[in-house]
There are 2 protein chains.
Amino acid sequence: MISELSFTEENYLKAIFHLSSEGTETVNTNSLAESMSTTPASVNDMVKRLAQKKLIGYQKYKGATLLPKGKKVALTIIRKHRLWEVFLVEKLEFKWDEVHEIAEQLEHIKSPTLIKKLDKFLGFPTMDPHGDPIPDEDGVMKASIRASISDVNINSRGIVVAVNNDDTLLLQHLDSIGIKLGSRIHVIDRMEFDGSVSVTIDDGKKQFISKPVAENLMITITDTK
Amino acid sequence: MISELSFTEENYLKAIFHLSSEGTETVNTNSLAESMSTTPASVNDMVKRLAQKKLIGYQKYKGATLLPKGKKVALTIIRKHRLWEVFLVEKLEFKWDEVHEIAEQLEHIKSPTLIKKLDKFLGFPTMDPHGDPIPDEDGVMKASIRASISDVNINSRGIVVAVNNDDTLLLQHLDSIGIKLGSRIHVIDRMEFDGSVSVTIDDGKKQFISKPVAENLMITITDTK
DNA sequence: ATTTATTTTTAGATTAATCTAACTATTAAT
DNA sequence: ATTAATAGTTAGATTAATCTAAAAATAAAT
Ligand SMILES: [Mn+2]
Ligand SMILES: [Mn+2]
Ligand SMILES: [Mn+2]
Ligand SMILES: [Mn+2]
């Protein structure tokens with residue numbers, strides 16, 4: 001039925017998904033060309049093919065939107081991408097920032113059984129190493145909850161996904177206390193008086209973080225209590 | 001330097017390797033077409049490309065031979081294919097006979113680091129689930145030693161790779177004592193008197209095998225003492 | 001409401017990989 | 001040594017994916 005898509009077609013669908021805030025909005029030709037590192041002319045050709053296959057909706061001069069079939073494909077690719085990223089980090093000991101390019105290749109391997117078994121092997125993870133949620137088999141993906149550790153509930157756990165400030169001194173400070181993108185944070189307590197937060201980093205020893213630092217430290221929440 | 005080969009080019013090199021008894025002999029157009037499920041005309045086109053890239057030697061009407069560069073590529077692909085097969089069987093619990101098609105896809109993933117880490121994760125295996133040897137990083141591959149369990153030394157270990165007789169009764173008998181392709185066999189002893197052999201199957205309990213059965217049971221040897 | 005700028009679409013080419021049909025070389029048979 | 005059969009090559013087309021350059025539509029600015 002779903003005649004077997006090319007890598008390129010799959011990549012276009014994924015790009016449309018990401019550019020349209022999860023497939024809700026319409027995407028225009030130029031931004032898609034930008035995102036795919038290609039020309040608007042090429043995008044125009046491809047958009048017509050995908051429309052013919054009923055994967056996207058498209059009208060001249062009005063942009064493209066994912067149709068249900070196309071959205072399902074996009075979410076399957078994203079699921080595979082993120083599961084492979086978990087595999088690369090958890091099992092093969094790659095670093096957080098080394099896995100994306102390899103996952104870009106692995107996401108196109110075609111075998112539903114493979115993904116089922118990989119999912120099981122990894123213990124059915126719900127989040128990739130960058131804190132992004134993994135869609136389930138039916139293509140359902142929970143929105144990830146992203147917040148500063150100044151705002152989350154006491155006892156929340158999460159993964160560092162961003163630092164909202166690229167001041168070198170801040171980054172150096174975080175580095176010195178062992179916090180980097182991908183670190184697991186457990187928020188133990190927060191002082192009313194000065195807004196400082198105490199956390200554990202990668203389940204290690206307790207660490208105090210001052211309010212100005214805490215406000216800039218963004219995590220995606222894996223667990224709240 | 002090695003400008004990045006397409007999946008198709010990689011598959012042609014691999015096919016030439018297999019058809020030329022490990023890259024030693026020359027391969028003719030028709031058998032290559034047969035093996036690639038394509039036409040002689042297509043093969044002819046491709047053979048010219050590969051010759052131009054100095055991966056194979058080719059003269060009109062005289063067939064193709066792997067050049068050192070092409071042989072290296074072929075062995076790298078085979079290495080990746082077999083390592084992925086080990087992964088699928090050992091880690092994801094696929095069956096022996098379910099992994100080839102998936103490995104055909106995975107073998108084209110481009111990342112030397114990935115293969116290094118996968119190799120380590122798997123404990124540096126020397127043989128794939130079908131008893132075929134895995135080339136090392138430099139493309140060196142030991143010939144696999146294949147023999148009937150009537151012929152191997154006492155205390156040899158190996159993997160069942162073939163049954164030299166497709167008599168239903170024999171196959172049913174093997175099935176009933178738990179021997180299938182891929183089973184690990186440890187040859188414990190052999191009786192001079194009747195040529196019967198005692199073995200363990202997958203490191204389980206001891207099992208006697210009569211001479212007529214033993215003669216037909218082929219293993220590739222992983223260990224001899 | 002024109003003009004200008006931006007975005008989008010078309011037209012025409014190119015490259016990899018494939019095909020069919022026709023032609024040529026080599027090998028085997030008589 | 002011819003002839004017949006097989007194997008290998010070329011010519012010409014096709015399809016996916018891309019490109020550049022030109023034209024058309026839409027949006028923004030005056
Ligand atoms: Mn990624
Ligand atoms: Mn990710
Ligand atoms: Mn295989
Ligand atoms: Mn194998």
Side-chain angles (χ1 to χ4, degrees), chain A residues 2-16 19-20 25-66 69-70 73-74 77 104-105 107-110, chain B residues 2-16 19-20 25-66 69-70 73-74 77 104-105 107-110:
Chain A
I2 320 104
S3 56
E4 196 85 330
L5 301 174
S6 69
F7 285 21
T8 312
E9 289 170 322
E10 291 186 344
N11 284 333
Y12 269 91
L13 292 171
K14 193 176 50 137
I16 295 169
L19 288 173
S20 66
E25 293 167 24
T26 102
V27 175
N28 56 327
T29 306
N30 271 8
S31 39
L32 196 43
E34 161 91 271
S35 151
M36 297 291 295
S37 313
T38 184
T39 62
S42 299
V43 169
N44 194 254
D45 289 344
M46 180 56 84
V47 150
K48 286 182 200 160
R49 308 171 117 293
L50 293 174
Q52 203 141 34
K53 296 190 180 187
K54 315 268 186 193
L55 294 160
I56 67 174
Y58 163 69
Q59 292 163 259
K60 271 190 185 183
Y61 299 101
K62 306 220 72 181
T65 49
L66 285 180
K69 258 169 63 179
V73 172
I77 304 297
E104 286 289 308
Q105 299 180 59
E107 72 188 6
H108 301 292
I109 302 292
K110 272 145 190 123
Chain B
I2 320 106
S3 57
E4 196 85 330
L5 301 174
S6 70
F7 285 20
T8 312
E9 289 170 321
E10 291 185 342
N11 283 333
Y12 268 91
L13 292 171
K14 192 174 52 135
I16 295 169
L19 288 173
S20 66
E25 293 165 25
T26 99
V27 175
N28 55 330
T29 306
N30 271 8
S31 39
L32 197 43
E34 161 91 89
S35 152
M36 297 290 297
S37 312
T38 185
T39 62
S42 299
V43 169
N44 195 255
D45 289 344
M46 179 55 84
V47 150
K48 287 183 201 160
R49 308 171 117 291
L50 294 174
Q52 201 141 36
K53 295 191 180 187
K54 315 267 186 194
L55 294 160
I56 67 174
Y58 163 69
Q59 292 164 257
K60 270 191 182 181
Y61 297 102
K62 307 221 69 180
T65 48
L66 284 180
K69 259 169 64 178
V73 172
I77 304 298
E104 285 290 307
Q105 299 180 59
E107 71 188 8
H108 301 291
I109 302 292
K110 272 143 192 127

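In this text, all values refer to a predicted model and were calculated from it rather than measured experimentally. Worth knowing before you read on, the calculation uses all heavy atoms, side chains too, and leaves out hydrogens, waters and symmetry mates. Chain letters run A, B, ... following the sequence lines, proteins first and then strands; every chain starts at 1.
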Practice task
Please test Ile56(A) against Val27(A) for side-chain contact (heavy atoms from CB on, under 4.5 Å), starting from the C-alpha separation and ending with a verdict.
Solution key: CA-CA 11 Å; Ile56(A) 67 174; Val27(A) 175; over 6 Å; no

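- Between Leu50(B) atom CG and dA16(C) atom C1' the separation is 12 Å, expressed in whole Å.
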Practice task
Show the numbers, then the answer: is there a salt bridge (Lys or Arg N to Asp or Glu O under 4.0 Å) between Glu107(B) and Lys14(B)?
Solution key: CA-CA 11 Å; Glu107(B) 71 188 8; Lys14(B) 192 174 52 135; 2.9 Å; yes

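- In this structure, Thr39(A) does not reach the dT20(D) phosphate: none of its side-chain N or O atoms is under 4.0 Å from OP1 or OP2.
- Counting any heavy atom pair closer than 4.0 Å across all strands shown, Ser42(B) reaches a base atom.
- Among the protein residues, Lys62(A) comes within range of no part of the nucleic acid, since none of its heavy atoms lies under 4.0 Å from any strand.
- What separates CG of Asn11(A) from C1' of dA17(D) is a distance of 13 Å, to the nearest Å.
- As judged by a 4.0 angstrom heavy-atom cut-off over every strand, Tyr58(A) is placed among residues touching the sugar-phosphate backbone only.
- Between the CG atom of Asn44(A) and the C1' atom of dG12(C) there is a distance of 15 Å, rounded to whole Å.
- Residue Leu50(A) holds its CG atom at 11.0 Å from CD of Glu10(A), rounded to the nearest 0.5 Å.
- Taking atom CG on Asn30(A) and atom P on dT26(D), their separation rounds to 15 Å, with Å as the unit.
- Ranking dT10(D), dT26(C), dT10(C) by closeness to the Tyr61(B) side chain, first place goes to dT26(C).
- Nearest to the side chain of Met46(B), among dT10(D), dA17(D), dA17(C), sits dA17(C).
- Among dA17(C), dA17(D), dA7(D), the nucleotide with an atom closest to any side-chain atom of Thr8(B) is dA17(C).
- Taking atom CD of Glu4(A) as the reference point, atom P of dT15(D) lies 20 Å away to the nearest angstrom.
- Between Phe7(B) and Phe7(A), the angle of the ring planes goes over 60°, which puts this pair in the perpendicular group of the 30/60° scheme.
- The residue Asp45(B) sits close to a base: some heavy atom pair falls under 4.0 Å.
- Taken from NZ in Lys54(B) to NZ in Lys69(B), the straight-line distance is 8.5 Å, to the nearest 0.5 Å.
- Among the nucleotides dT8(C), dT18(C), dA17(D), the one closest to the side chain of Pro40(A) is dT8(C).
- Regarding contacts with the backbone of dC19(C), a side-chain N or O of Thr38(B) is found under 4.0 angstrom from either OP1 or OP2.
- In this structure, Lys48(A) atom NZ and dA16(D) atom C1' are separated by 14 Å, rounded to whole Å.
- In this structure, Glu34(B) atom CD and dG8(D) atom P are separated by 13 Å, rounded to whole Å.
- A straight line from CG of Asn28(A) to C1' of dT26(D) spans 12 Å, rounded to a whole angstrom.
- With DNA chain C read from its 5' end, the first of the two nearest nucleotides for Tyr12(B) and Ala41(A) is the one closest to Ala41(A).
- In this structure, Glu25(B) places its CD atom where more than 12 heavy-atom neighbours from other residues, nucleotides or ligands lie under 6.0 Å away.
- Side-chain atoms of Lys60(A) lie closest to dT9(C) of the nucleotides dT7(C), dC19(C), dT9(C).
- Thr29(B) comes within contact range of the sugar-phosphate backbone alone, with a heavy-atom separation under 4.0 Å but no base atom that close.
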